[in-house]
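FYI, the numbering just counts along the sequence from 1. Scope of the values below: all heavy atoms of this structure, side chains included, with no hydrogens, waters or symmetry mates.
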Amino acid sequence: MRTDLAVVGAGPAGLAAALAAAAGGLRVTVLDAGDQPGGQYFRQPAAELGARRPQALHRQWRTWERLRGALADSGVRVLTEHHVWFVEERSGAFTVRALLGPGQDEPADVHADAVLLATGGYEHVLPFPGWTLPGVVTAGGAQAMLKGGLVVPGRTAVVAGTGPLLLPVATGLAAAGVRVAALVESADPKRVAGHARALAGKLPEGAALAARLLRHRVRPLTRHTVVRAHGDDRLTGVTVAALDPAGRVRRGTGRHLACDTLAVGHGMLPHTDLADGLGCRLDGPAAAVDAEQRTSVPGVWAAGEATGIGGAALALAEGHLAGRSIAARLRGDDPDPAGRARAVRARETLRTAAAALAAAFPPPAHWTGQVTDDTVVCRCEEVTAGAVREAVDGLGAGDVRTVKLLTRAGMGWCQGRMCAPAVAGLTGCEPGPARRPFARPVPLGVLARTRAEEPGATQETERGPS
């Protein structure tokens, strides 16, 4: 398939970019792993579920309706259930390689003159004793179950961790009939107050969500954290404790909360596998971009959470700017300053707010002190915290990669996407680049077929040595 622009990701950033680029006269193709556009933020229940009021699950439903309507009226082609595993660049042209089918074993390629990476983010997971018990889910996972499946993970829940995602998750669960035993937030409210000016646009929404929680009689526990999840075959309760100003657990403050669900989250991290594979420069954990959302690789733009966690409104602004830039650059023009001024102002304001949120809601500074040696850190390979510590203290590992080689932490199915931040925290090492060649596991048959289709491949190389 041939197109002018291939957009990877059909969330807010990807859809905004696609619409802006299409309005500029480009042929645009959007690829997304989901079964319908919207991404995680605008995740929709399947039509077969017959949701009568899906808008009740969203805070920006009118924004989604506008995007959906504009998408239907545009010439943008949306390819759902396309799991992109690699983007290849040759002589200034790009091939976006995806997997189809229930087993993700059918290849599909899209050829494009430019690529927009709107790959979103994933949750920052921190381990603690008992976190692998059935009934413990990520905060985003609980929200996805509710939005996409119209199901709740249990009857009594504790929502815990840190960050602005906890409030909508707790209110959503409570509105769905779940008894929310507590919202456990590790951040100090004074930190939030210290960033009140930068967060002025966010505070009304937060206040409205907090008011909804109070109506459901949910107890907020600030400057608290979960130190252990309890249960044998599944979760039966959690122990929470207060934190001192330095982020350490206060002795003697532990209390037990009975629950069958723990929704826990500590913020988000940018998803940069494809950007890293293309050789795009990273700025910390995020893809580095210029004022037009261009990456360091010519022909590749990025927008949304992949360039830094900032929420849906920021993703929309960045996507719009990227789409306008791509349309102009592929025509050989400069973007019109007047047409992008409003989005530029919104982007700068929202980036300031995002930085303030990150500063106001950091993970507990001393979370590693609560991780016992028998706590599993890498679930894929069943590597414990004790094994990770032994690799550093006993075997002399000085970086995350060496720990990985000595313990297999990060060598499993997820390739370290879940455990790498935790391993880095436990070892005291800086997280290194992922250096994953592909963004997801790929069947060997697909790789062999891809090699055989490359220009210059001979029949002998296709068959292999005799």
Open item on the list: I'd like to check Phe94 versus Asp113 (side-chain heavy atoms, cut-off strictly below 4.5 Å). Are they in contact?
Closed with: no
- [ ] Could you pull out all residues at least two apart from Phe361 that satisfy ring-ring contact (aromatic ring centres under 6.0 Å, His included)?
- [x] none
TODO: Only counting residues at least two apart or in another chain, list the ones meeting ring-ring contact (aromatic ring centres under 6.0 Å, His included) with His83.
DONE: none
Open item on the list: For residues 249-260, which residue pairs pass the salt bridge (Lys or Arg N to Asp or Glu O under 4.0 Å) check, not counting sequence neighbours?
Closed with: none
Task: Within residues 201-218 or reaching into it, pairs that qualify as side-chain hydrogen bond (donor to acceptor under 3.5 Å, both in side chains) - sequence neighbours excluded - done: Arg59-Glu205
Task: Contacts of type ring-ring contact (aromatic ring centres under 6.0 Å, His included), residue Tyr41, not counting sequence neighbours - done: none
- [ ] Output every pair passing side-chain hydrogen bond (donor to acceptor under 3.5 Å, both in side chains) with a member in residues 143-168, not counting sequence neighbours, ordered by first then second residue.
- [x] Thr162-Glu185
Task: salt bridge (charged side-chain N to carboxylate O under 4.0 Å, His left out) between Arg440 and Asp273, worked out - done: CA-CA 9 Å; Arg440 62 177 58 247; Asp273 284 358; over 6 Å; no
TODO: Would you mind listing every side-chain hydrogen bond (donor to acceptor under 3.5 Å, both in side chains) that reaches into residues 132-142, with sequence neighbours excluded?
DONE: Glu123-Thr138
Open item on the list: Test: salt bridge (Lys or Arg N to Asp or Glu O under 4.0 Å). Region: residues 306-332. Which pairs qualify, not counting sequence neighbours?
Closed with: Glu292-Arg329, Glu318-Arg351, Arg329-Asp334, Arg331-Asp333
Task: Between Ser325 and Trp301: side-chain donor-acceptor atoms closer than 3.5 Å - done: yes
- [ ] Check side chain to side chain contact (heavy atoms under 4.5 Å, CB included) between Val297 and all other residues, then give those that pass, not counting sequence neighbours.
- [x] Cys280, Thr295, Val300
Task: Under the side-chain hydrogen bond (donor to acceptor under 3.5 Å, both in side chains) test, residues paired with His256 that sit two or more places apart - done: none
TODO: Identify which one of Thr171, Val169, Leu214, Leu166 satisfies the side-chain contact (heavy atoms from CB on, under 4.5 Å) criterion when paired with Leu209.
DONE: Thr171
Open item on the list: Going by side-chain contact (heavy atoms from CB on, under 4.5 Å), Pro129 matches just one of Val227, Val226, Thr372. Which one?
Closed with: Thr372
Open item on the list: By the definition side-chain contact (heavy atoms from CB on, under 4.5 Å), identify the one residue from Thr352, Ile309, Val192, Leu199 that meets it with Leu357.
Closed with: Leu199
- [ ] If a pair satisfies salt bridge (Lys or Arg N to Asp or Glu O under 4.0 Å) and one of its residues is in residues 73-84, list it, with sequence neighbours excluded.
- [x] none
- [ ] Enumerate the residue pairs fulfilling side-chain hydrogen bond (donor to acceptor under 3.5 Å, both in side chains) with a member in residues 14-35, sequence neighbours excluded, ordered by first and then second residue.
- [x] Thr3-Thr29, Asp4-Arg27
